[in-house]
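Below is one structure, written out as structure tokens; the observations come after it.
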Amino acid sequence: MSGNASELFGFIASALASFVADEGRNNVFEDKQRELGFTFSFPVRQTSIASGTLIKWTKAFSIDDAVGEDVVAELQTAMEKQGVDMRVAALINDTVGTLAAGRYNDEDVVIGVILGTGSNAAYVEEASAIPKFEGELPKSGNMVINTEWGNFSSSCLPITEYDQALDEESLNPGEQIFEKLISGMYLGEIVRRVLLKIASQSTLFGKVNQTKLKTRFILRTPDISAMHHDDTPDLRIVAEKLADNLKIKDTSLETRKMVVEICDIVTTRSARLAAAGIVGILRKIGRAVPGDERRSVVAIDGGLFEHYAEFRQCLESTLVELLGEEASRSVAVKLTKDGSGLGAALIAAAHSQR
């Protein structure tokens with residue numbers, strides 16, 4: 001996540017070389033050059049189906065010499081050094097991959113969303129409605145839009161002192177504000193910051209050594225999910241997570257209930273904001289509005305949506321709340337597992353020279 005471009009792309013190429021060596025035993029690769037779909041989940045200025053320059057890093061990556069470079073050319077060079085005979089046939093974003101994989105299995109899929117470590121969305125738009133579009137319109141009349149909604153920011157967003165501090169101390173202050181409110185990378189960190197303030201200003205946790213509490217990202221989203229879903233009578237899992245991760249021991253049941261409530265508040269905000277983003281896109285493309293009877297499917301990939309049941313249920317109920325009972329009946333949310341990988345393969349196959 002830090003270092004230089006040759007190290008990063010060299011690592012990817014070496015992992016790919018290992019894969020090729022394993023799969024080659026089954027004669028999958030034979031003796032001809034294979035084609036590759038490259039999922040690169042960062043903001044890119046894409047100039048063709050198989051080229052694009054990195055605009056900036058997100059999700060705490062920091063490799064300065066890669067910014068402004070063609071990521072496909074970087075990977076191609078690294079593969080050549082590793083002796084991997086492959087050609088990148090398609091460069092895509094994970095949201096575009098999820099949209100493609102979802103659409104391949106269900107023609108009613110119109111939006112692809114990532115709700116995992118990071119967050120983003122892509123959707124199908126009429127090419128004539130894209131002001132920045134240059135060149136000849138595609139034959140289908142449509143274009144996939146990668147929104148990069150993680151970088152959305154507005155005075156309307158419910159930003160707290162904890163969000164402001166997290167942003168200021170991040171590797172990319174002032175950027176990816178929406179993502180910092182909703183994605184799996186940050187939810188546990190927001191909860192930690194709330195608990196640190198409580199420990200600093202009250203005796204609810206007793207006398208605790210705050211070394212662990214002051215350690216950034218020591219509380220991860222799977223930890224808060226486990227606490228949020230704790231259904232034991234004495235909230236034993238909450239007690240264990242507080243003790244193991246933060247060295248907060250001997251908490252009362254009331255204190256543990258408060259911790260669960262904090263997890264619920266942070267996760268509910270995340271899920272509701274994600275749902276609002278989905279509804280915004282549906283509105284933009286004229287879907288799920290009065291009189292529209294078309295089925296609209298949202299394909300979602302990512303561990304936050306897949307594994308965090310409270311998050312998923314809140315997102316789905318918020319969609320009904322925002323769209324209304326009638327309109328929401330035409331909208332379906334579907335887990336598209338490993339959509340980014342499957343989508344990359346499908347798009348590469350569609351643009352294969354063979």
Does the gap between the ring centers of F311 and F305 come in under 6.0 Å?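 So the answer is no for these two rings.
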
State, yes or no, whether a side-chain contact exists between [X] and [Y] at a heavy-atom distance under 4.5 Å.
{"X": "I224", "Y": "L219", "result": "yes"}
{"X": "S62", "Y": "M1", "result": "no"}
{"X": "E126", "Y": "N142", "result": "yes"}
{"X": "E179", "Y": "Y186", "result": "yes"}

Verify the distance criterion only: is there a donor paired with an acceptor across the side chains of [X] and [Y] at less than 3.5 Å?
{"X": "W149", "Y": "S119", "value": "yes"}
{"X": "E125", "Y": "Y123", "value": "yes"}
{"X": "S270", "Y": "T267", "value": "no"}
{"X": "Y308", "Y": "H228", "value": "yes"}
{"X": "N4", "Y": "D65", "value": "no"}
{"X": "K180", "Y": "N172", "value": "yes"}

Are the side chain of T147 and the backbone N or O of A121 linked by a donor-acceptor pair below 3.5 Å?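 Pair found, side chain donor or acceptor close to backbone of A121.
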
Minimum-distance pair of heavy atoms, taken over all atoms of [X] and [Y]:
{"X": "A275", "Y": "L319", "result": "O-CD2, 3.7 Å"}
{"X": "D163", "Y": "P158", "result": "OD2-O, 3.9 Å"}
{"X": "T160", "Y": "R269", "result": "CG2-NH1, 4.0 Å"}
{"X": "V331", "Y": "A288", "result": "CG2-CB, 3.6 Å"}

Exceeds 12 heavy-atom contacts within 6.0 angstrom, atom [atom1] of [X]:
{"X": "D250", "atom1": "CG", "result": "no"}
{"X": "F11", "atom1": "CZ", "result": "no"}
{"X": "K334", "atom1": "NZ", "result": "yes"}

Would you please name every residue forming a side-chain hydrogen bond (donor to acceptor under 3.5 Å, both in side chains) with E35, sequence neighbours left out? R87, S352

Could you measure the distance from the CG atom of L75 to the CD atom of Q82? Nearest 0.5 Å is fine.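 Result: 10.5 Å between the selected atoms.
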
Kindly compute the distance separating CG (N209) from NZ (K247), expressed to the nearest 0.5 Å.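 So the gap between those two atoms works out to 10.0 Å.
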
Evaluate the side-chain hydrogen bond (donor to acceptor under 3.5 Å, both in side chains) criterion for residues S340 and D94: first the C-alpha distance (whole Å), next the side-chain angles of each, then the deciding distance (0.1 Å), finally the verdict. CA-CA 4 Å; S340 59; D94 54 356; 5.6 Å; no

So E240 and R236, salt bridge (charged side-chain N to carboxylate O under 4.0 Å, His left out) or not? Walk me through it. CA-CA 6 Å; E240 290 172 356; R236 174 179 48 80; 3.3 Å; yes

Hydrophobic cluster partners of V109 (side-chain heavy atoms under 4.5 Å):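 I49, I92, V96, L99, V124, V144, V297, I347, listed by chain and number.
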
Check the hydrophobic clustering (I, L, V, M, F, W, Y; side-chain heavy atoms under 4.5 Å; chains of links allowed) and say if [X] and [Y] are grouped together.
{"X": "I262", "Y": "Y162", "result": "yes"}
{"X": "L181", "Y": "V266", "result": "yes"}
{"X": "V333", "Y": "L273", "result": "yes"}
{"X": "M258", "Y": "I265", "result": "no"}
{"X": "L137", "Y": "I130", "result": "yes"}

Carboxylate-amine/guanidinium proximity below 4.0 Å for [X] and [Y]:
{"X": "R193", "Y": "E189", "answer": "yes"}
{"X": "D106", "Y": "R295", "answer": "yes"}
{"X": "K197", "Y": "E161", "answer": "yes"}

Result of checking N93, T58, T95 against E148 for side-chain contact (heavy atoms from CB on, under 4.5 Å): N93

Could I get the full list of salt bridge (Lys or Arg N to Asp or Glu O under 4.0 Å) partners for D292, not counting sequence neighbours? R294

Describe, in one word, how the ring planes of F38 and F40 are oriented to each other, choosing from parallel (under 30°), tilted (30 to 60°) and perpendicular (over 60°). tilted

